[in-house]
**Q** 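Dropping the structure in here first, questions after.
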Amino acid sequence: MRIPNTLLTSNYMADLQRVQQDMARLLRQTSTGKLYERPRDNPSAVSTSLNLSRVISSTTQYTRNVDNGLGRLNFTEITLSEVNTQIQRVRELTVQGSSTVLTRDDRTAIAQEINQLLEHTVTLSNSNFSGRYVFSGFETLTESFRINSNTSDGFTNSVTYQGDFGKIGRNIGIQRDLDVNFDGHSIFLDHTWQAQGRQMSGQPLGYSGTFEINERLIVVNPADTLADVARRINSDTLTEVKAEVSSDFRLQLTSLNSSKSIKLRDLAGTVLEDMEILPQGAFNKAQTGVTLPLTDSTGAIHDGGPLVYPLNLTTNLQDMVITLGGAANDGFTETKAIKLDAVTYNNAAELAAEIQKKADLAFGEDKLIVRDDGLGGIDIETNVQNSSVLIGDLMLGGTAPDGTADTASAVIFGYAGQTAAGFAGTDGNDRFTIDLGPDAYITRPGEEPIDLSPVEINLDASAATLQDIIDDINRQVLDNKYLSGLVRAEDDGGRLRIVTTATGTKVGIDDLVLRNSVPGPPVLATDTLGGLGFYVEATTGESAPPVPAQVQNTLAWPAPGVGTIIGPGNESFSIDLGPGSSIDGTDPAPVTITLPAGGFIDENDMAAKINNQIALSPILKNAVIAVVVNRGGSNYVDIQTTNVGSGVEASDLTLADVDAGMLANLGLAAPTIPGGGTQPGIGEITEADNMINTMIQLRDELLGYSAATSRLSDLHDVNGVSYDLAPGTEIRISSDGTTSSFIVQRFSTMQDLADAIEQQLGVSLEVEVQRDGRIRVFNPNNTVVNDISIEAYGLKGQRLSTFEERMSGISGRLIYRSELASRTTYEDERFQHLTNRIGNVDRALEKVTSTLAIIGSRTRRLDMTLTQNDTLTVNTLDLQNKNDNVDMAEAIIKLKERENVLNAALGTGSRIIPSTLFDYLR
Amino acid sequence: MLRGTFLGLETSKKGLLTARAALDVTGHNIANANTEGYSRQRVNISASDPLSFPGAFVTIRPGQVGTGATVTSITRIRSIFIESQLHQENGRSTLYQTMSDAYIRVEDIFNEPSENGLNSLMDNFFNAWEDLSNDPESASTRTNLAQAGLAMTEFVNEQDRRLDREVMNINEQLQDRVDRLNQLNSQIAVINKQIIQIESGGDNGQMKANDLMDQRDRMIEEVSNIINARVQFNNDGSVSVLVQGHPMVSGVDFHEIRLQQNQQDLTRPYIEFSKSRIRLDIRSGELGGMLQMRDVELPTVRLEQEKLVTAFTNRVNKLHIAGYGLDGLQGRSFFTDYRTEQYGGSTALPAGTTLDTTLDQLGFTSGDFFIQGQRIEITPGEVLASTAITLGDLFQRIEQATQDVRVSIDGSLGFDRVVFEQYNPVDADTTLKIKDGSSNFFEQLGLDNATHQTFFLDPPYRNSLANFGLNPQVLSDLDSIAAAGDDGTGFPGPGDNRTALAIADLRNDNKALLNSSFGEYYQGLVSSIGATALTAQRSHTTQTLVVEQLVERRLEISGVNLDEEAVNIVKYQSAYEANARALNVVDEVLDLIVNRLGTVGR
């Protein structure tokens with residue numbers, strides 16, 4: 001091979017170049033510390049490097065998110081721990097306060113402390129963490145709770161949740177997130193008023209209407225879906241209601257106010273009725289005058305729907321109005337308001353007892369039977385035997401049919417044979433009142449009838465015989481301007497009789513009411529009327545005292561006189577559900593129920609066997625149920641619609657005999673089943689026993705405030721001077737040129753007056769009875785209320801100036817002040833309620849502790865995530881270091897190696913260009 | 001016949017001249033020992049024609065008498081085989097070198113790995129969304145997010161400009177190289193002419209224009225660096241230089257090539273012969289490298305990056321539009337949205353159809369169709385499965401299969417219909433292509449007889465890199481950045497961070513773009529750029545070695561070895577001396593004859 005001279009040098013140069021390139025690369029590596037500076041240097045390592053730097057970047061970010069979340073959770077934890085302390089103190093105070101040995105001052109002191117705790121709890125509930133309200137859901141810039149304290153004492157009346165139910169999450173890792181907030185409603189207002197409508201669909205509603213929710217108008221258009229309605233309710237924050245549509249398409253309403261109920265009213269159309277949102281209770285939809293399956297008489301029953309207990313009634317509840325007439329009420333038709341005490345009813349029996357008590361007061365004993373129907377509802381029945389009671393004789397919530405007879409007199413009998421002397425007049429403290437009704441008053445032309453004040457009759461201690469008592473009463477009657485000439489006491493064959501005497505004066509049976517003057521439960525010593533042997537009797541029933549009323553067991557199964565079913569079986573009847581029972585409005589075909597042969601052991605067995613058959617039918621299943629109902633001491637098998645969400649009406653359930661006489665055999669031979677299908681959809685009510693409301697109620701109960709339920713007739717000012725608001729007093733409320741009248745009834749309360757004022761003023765204003773007994777009119781929009789005047793006219797048409805002075809407006813506001821009689825009264829019942837509330841306090845406590853536990857577990861999870869992230873970061877950094885960074889030792893050694901090569905090469909460079917032959921030639 | 005008395009003189013003279021010529025050539029070789037492209041020359045010496053002595057009377061010796069030596073030619077020592085190999089390998093070497101060099105600039109455009117590359121910028125962008133999710137009420141996290149967004153969009157815009165500039169640079173260099181090529185070719189033609197003149201002057205082609213040929217070879221080599229040329233040797237000593245079989249130089253003729261504007265694509269001029277207008281498809285040499293970069297490599301890189309940005313824009317915007325800003329409004333995009341085309345169904349969907357409606361409920365059985373060339377298939381199993389596929393699932397599947405399509409239920413015409421819309425396509429020329437498959441899928445979705453609409457944008461849309469930018473509304477009012485989600489019941493509240501969380505979570509969406517996450521996709525892109533650059537660089541290194549080998553081989557053959565030349569000098573000097581001595585002998589013989597003979601009689 002030839003080696004030309006240039007070849008040697010060019011090779012040498014090329015090799016030198018390569019060494020120098022290597023050195024340049026190594027030098028760059030040692031100076032930057034990086035293995036590569038552009039993708040080509042090592043594409044896969046660059047790719048890995050990009051990936052690792054992404055992991056590090058996102059992990060660092062996740063750590064930042066976790067830190068942020070931890071900060072928020074820790075803050076919430078501290079806040080809730082303090083709330084926990086508050087509630088525990090409330091619990092101690094509640095136990096302390098329910099002791100009966102405390103004085104009023106003691107209770108006031110406890111109430112004051114509870115109020116302090118309440119205020120502090122509300123402050124805590126409005127905590128904010130670096131400017132963000134932690135209990136407001138997504139509404140972090142809005143204070144979580146608005147305090148409604150409209151009273152002059154500055155006490156918190158209620159709070160309104162202003163946040164929402166949003167859950168704020170934090171990304172704490174890939175596809176991992178964690179909520180770091182708790183909405184205030186679920187902690188502080190767990191359990192407010194709720195209502196739920198019937199099951200509907202996601203389709204447009206197809207009809208229009210307007211309804212009112214907490215006095216805010218909601219308009220429904222045919223194209224609206226349930227969700228649109230919910231949205232409209234939510235968009236108006238003044239409703240103080242959160243509306244949701246459940247997954248099975250029910251409208252669910254939750255009050256955002258700690259204490260108020262949800263007031264609902266259909267204004268146009270029947271939107272609410274159609275949705276069956278009936279939080280007011282079960283009676284809204286009760287049908288009137290449904291015929292009972294009585295064989296020898298017709299009666300009336302109202303079958304209330306199931307309620308949810310404990311049922312907390314507040315003053316917002318409407319009165320129940322009962323109209324009773326015909327044979328069930330001695331031939332008279334009367335409409336009476338029944339006002340239920342605003343307390344908690346733990347079961348239907350308690351509620352029934354309360355209604356019974358009030359009904360007895362209103363109509364007299366033994367007219368009505370009110371009982372627990374065993375299904376959570378209340379039955380109200382007329383109590384007659386062998387009488388001819390007509391449909392319409394018992395009506396709830398309706399108006400009495402006109403046609404009250406012009407009765408000559410009402411007679412009230414004492415028991416025969418009893419000598420009054422043994423009881424009455426012995427101690428001089430025996431007294432009773434005679435209360436004449438409005439019809440007893442002889443009106444002047446153009447005057448409205450006036451219900452006169454009750455007149456108290458005090459019996460003389462010296463009365464020894466019946467005649468002494470009669471004389472005593474008659475003397476007092478004569479002396480009284482209201483009773484004189486209208487009432488007389490008589491000897492009725494050894495019985496004391498008090499009769500109305502004004503023939504032709506339109507005095508009705510209800511115009512004469514006798515009452516014991518001394519309040520409280522009837523105790524023998526104070527029960528003057530009882531002691532006098534009084535009972536109420538129809539005018540025609542003078543011959544003998546009636547046998548105590550009793551419903552005969554004629555329809556109980558097995559029905560007396562009707563054969564037991566022992567036959568070959570296949571006895572059938574059919575159940576026909578109407579169109580309202582199906583969601584799509586079609587009318588299901590009748591379903592034949594065939595009962596097995598062999599008879600029944602008892603009514604429970606019969607109901608069970610009918611239910612077995614019902615369960616076989618897809619149409620009837622869950623829509624109809626056979627139940628055993630105790631009515632008047634006897635058991636009946638009733639077939640009822642179960643109503644929930646099915647929109648079943650009374651008319652939707654009809655029974656027909658398939659085998660002749662079958663229904664009769666079963667004791668069901670009536671065209672209509674009592675109460676069938678009349679129950680409302682779901683009138684679900686949960687008590688407002690949330691943390692805040694419980695504290696408010698504890699405070700108020702300890703203070704003895706119950707202004708709203710105080711009777712107007714009891715009111716007197718601080719000096720003890722009565723306002724003289726006797727029943728029949730007319731209060732005229734004028735505003736904007738219109739006037740409405742409010743006639744004080746015997747049981748009218750402050751709340752009634754407030755409602756009447758509100759009615760007159762319209763929906764834009766709110767009227768409230770304050771805890772201190774003042775009526776306050778205010779505008780939620782905070783503008784001044786003008787031009788309201790209140791006038792009161794007494795029974796004789798006289799102006800009641802004392803009352804009017806009290807009602808005079810001060811700077812545009814209507815203030816009514818009174819010293820309330822009820823404030824001085826502590827009833828045993830109230831302490832019972834206090835004890836009951838300990839349960840609520842405990843539940844609030846549990847809510848807080850369980851939330852704290854959740855926070856604890858989340859904090860632990862976040863701490864663990866932090867540790868994991870740290871480890872991940874360290875490991876990834878290590879990987880990245882290995883991937884990206886130069887091993888300096890290696891690089892420097894390599895560099896040194898190359899340097900040596902270069903030096904050697906340069907050193908030999910001179911020799912690489914060899915001498916040629918020319919060097920040796922001369 | 002007698003031999004001439006002076007024949008010996010003549011013979012020696014020839015010897016002297018021959019040696020002299022050989023010495024001259026040797027000297028020329030030594031002088032050019034280090035001359036680039038010089039091929040050593042050799043003197044070809046042969047014996048001159050002998051004199052014959054035929055005849056019966058010739059008794060001394062039979063045969064011929066030599067008349068000495070003569071120089072027949074001076075030739076270059078050169079291997080044409082190596083030469084043509086070198087031309088080819090040179091072309092390959094410069095191809096890779098050009099690509100490798102150009103890729104350095106592409107790598108610079110991506111600037112990875114570094115703190116300032118898109119990888120970090122995307123991370124910062126997502127981190128900014130995370131920070132917003134931690135504090136959606138604050139203005140500072142929003143400012144931070146807008147800045148992170150701007151940093152990212154501006155980087156991408158700059159990438160677009162630099163990729164464009166790269167194409168322009170290549171076009172300028174193309175012009176420069178074409179000019180140089182024409183210059184070289186015209187000179188080759190001139191040299192061809194000179195060579196023909198010189199070589200035709202000698203007899204029987206003995207005349208060699210060695211040095212001109214060397215000069216020509218050097219030019220041809222430079223040509224081969226620029227373009228993949230083939231050299232053809234002609235009988236008259238000229239060469240033809242051919243590219244793809246078409247002569248650029250044909251003997252004394254020179255054919256100009258030029259860079260011609262491409263009417264279809266003004267950014268891509270092509271190379272053609274000026275006269276014949278034959279268009280050249282150049283695959284090697286510097287020109288080949290530039291064209292490869294311009295027409296294949298850069299568009300590929302750009303397309304991949306555009307796909308990423310298109311998908312990124314559309315994914316983020318889709319979520320952002322659904323979310324609520326702090327001002328309680330929704331429906332705004334985060335990045336500027338360009339809607340380019342729309343296909344809308346003509347048939348109404350059943351009333352009450354939502355994204356949660358299953359295909360089964362729509363009376364759907366199975367089907368397939370094509371969107372942007374991707375086949376979307378719904379099997380009966382998916383429709384009837386317990387977790388039946390919903391309309392929303394289908395839409396998501398379509399959107400994941402493409403980058404620029406958004407599907408929605410549109411009610412703007414008074415009835416609900418399915419609408420395919422193209423947003424922010426990779427470039428202005430990308431069109432929305434949907435085609436029904438084997439089944440009547442479109443009919444089932446009410447998409448048969450779909451109406452097609454194209455939106456003209458002013459200013460016109462270029463591509464997703466150039467048009468990548470923050471919605472000006474978002475920039476001017478940071479409260480319009482949507483952090484809050486949508487429940488269908490209006491603005492949920494300032495603390496709601498669900499949209500921010502969802503957008504931040506896009507970084508972990510493994511189906512964001514062609515079954516990979518944005519990060520993975522970008523990582524793949526950078527890695528493939530690196531791999532291509534590395535391949536080019538390695539190929540260039542290998543190719544350089546090959547060329548070096550060939551150059552070595554050529555040097556071995558054509559290079560000057562001074563030892564050899566020194567020996568030659570000694571050899572030819574000796575020959576000269578010997579010839580001179582031979583002349584002396586003849587001289588002395590003649591002297592003897594002339595001066596000494598006949599002196600006997602004197």
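Just so it is clear: chains get the letters A, B, ... in the order the sequence lines come, proteins before strands, and each one is counted from 1.
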**Q** Is the shortest side-chain heavy-atom distance between B:R498 and A:F138 below 4.5 Å?
**A**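 They are in side-chain contact.
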**Q** Could you list the residues that satisfy ring pair (Phe, Tyr, Trp, His ring centres under 6.0 Å) with B:Y96, not counting sequence neighbours?
**A**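 B:Y96: no ring pair (Phe, Tyr, Trp, His ring centres under 6.0 Å) contacts found.
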**Q** Minimum heavy-atom separation for B:A504 to A:N171, with atom names?
**A**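 For B:A504 and A:N171, the tightest heavy-atom pair comes out as CB-ND2, 3.9 Å.
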**Q** Are the side chains of A:S49 and B:E112 in touch, meaning some heavy atoms are under 4.5 Å apart?
**A**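 Side-chain contact under 4.5 Å: no.
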**Q** Does any part of the side chain of B:E130, heavy atoms only, come nearer than 4.5 Å to the side chain of A:Y62, both counted from C-beta?
**A** yes
**Q** Any side-chain to backbone donor/acceptor pair from B:D123 onto A:S58? Under 3.5 Å, distance only.
**A**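 Here the side-chain-to-backbone pair does not exist.
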**Q** Which residues pass the side-chain contact (heavy atoms from CB on, under 4.5 Å) test with B:I82, sequence neighbours left out?
**A** B:S79, B:L550, B:R553, B:R554, B:I557
**Q** Using a cut-off of under 4.5 Å on heavy-atom pairs, state which of B:A531, B:P492, B:S558 scores highest against chain A.
**A**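 Answer, by heavy-atom pair count under 4.5 Å with chain A: B:P492.
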**Q** Does anything in residues 133-142 of chain B reach chain A? List residues with heavy atoms under 4.5 Å apart, or say none.
**A** B:S133, B:N134, B:D135, B:E137, B:S138
**Q** Taking all atoms of both residues into account, what is the closest heavy-atom pair of A:P43 and B:S527, and its distance?
**A**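 For A:P43 versus B:S527, the nearest heavy atoms are CB-O, 3.4 Å.
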**Q** Does any backbone or side-chain atom of A:A230 lie under 4.5 Å from a heavy atom of chain B? Answer side chain, backbone, both or neither.
**A** neither
**Q** State, to 0.1 Å, how close B:N127 and A:S57 come at their nearest heavy-atom pair, and which atoms those are.
**A**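 Closest heavy-atom pair between B:N127 and A:S57: ND2-OG, 3.0 Å.
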**Q** Can you check whether B:M122 reaches A:R54 side chain to side chain, under 4.5 Å on heavy atoms?
**A** no
**Q** Applying ring pair (Phe, Tyr, Trp, His ring centres under 6.0 Å), name anything that partners B:F518, two or more places apart in sequence or on another chain.
**A** B:F312
**Q** Where on A:R232 is there a heavy atom nearer than 4.5 Å to chain B: the side chain, the backbone, both, or neither?
**A** neither
**Q** Checking A:R132 against chain B: side chain, backbone, both or neither under 4.5 Å from a heavy atom?
**A** side chain
**Q** For the pair A:R38 (side chain) and B:Y103 (backbone), establish whether a donor and an acceptor sit closer than 3.5 Å, ignoring hydrogens and angles.
**A**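 A pair under 3.5 Å: no.
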**Q** Relative to chain B, which segment of A:N65 carries a heavy atom at a distance below 4.5 Å: side chain, backbone, both, or neither?
**A** both
**Q** Using non-hydrogen atoms only, which part of B:S114 is less than 4.5 Å away from chain A: side chain, backbone, both, or neither?
**A** neither
**Q** Measure distances from A:S53 to the heavy atoms of chain B and classify the residue's part below 4.5 Å as side chain, backbone, both or neither.
**A** both
**Q** Identify which part of B:R40 has an atom lying under 4.5 Å from any heavy atom of chain A, answering side chain, backbone, both or neither.
**A** side chain
**Q** Between A:R231 and chain B, which part of the residue has a heavy atom less than 4.5 Å away: side chain, backbone, both or neither?
**A** side chain
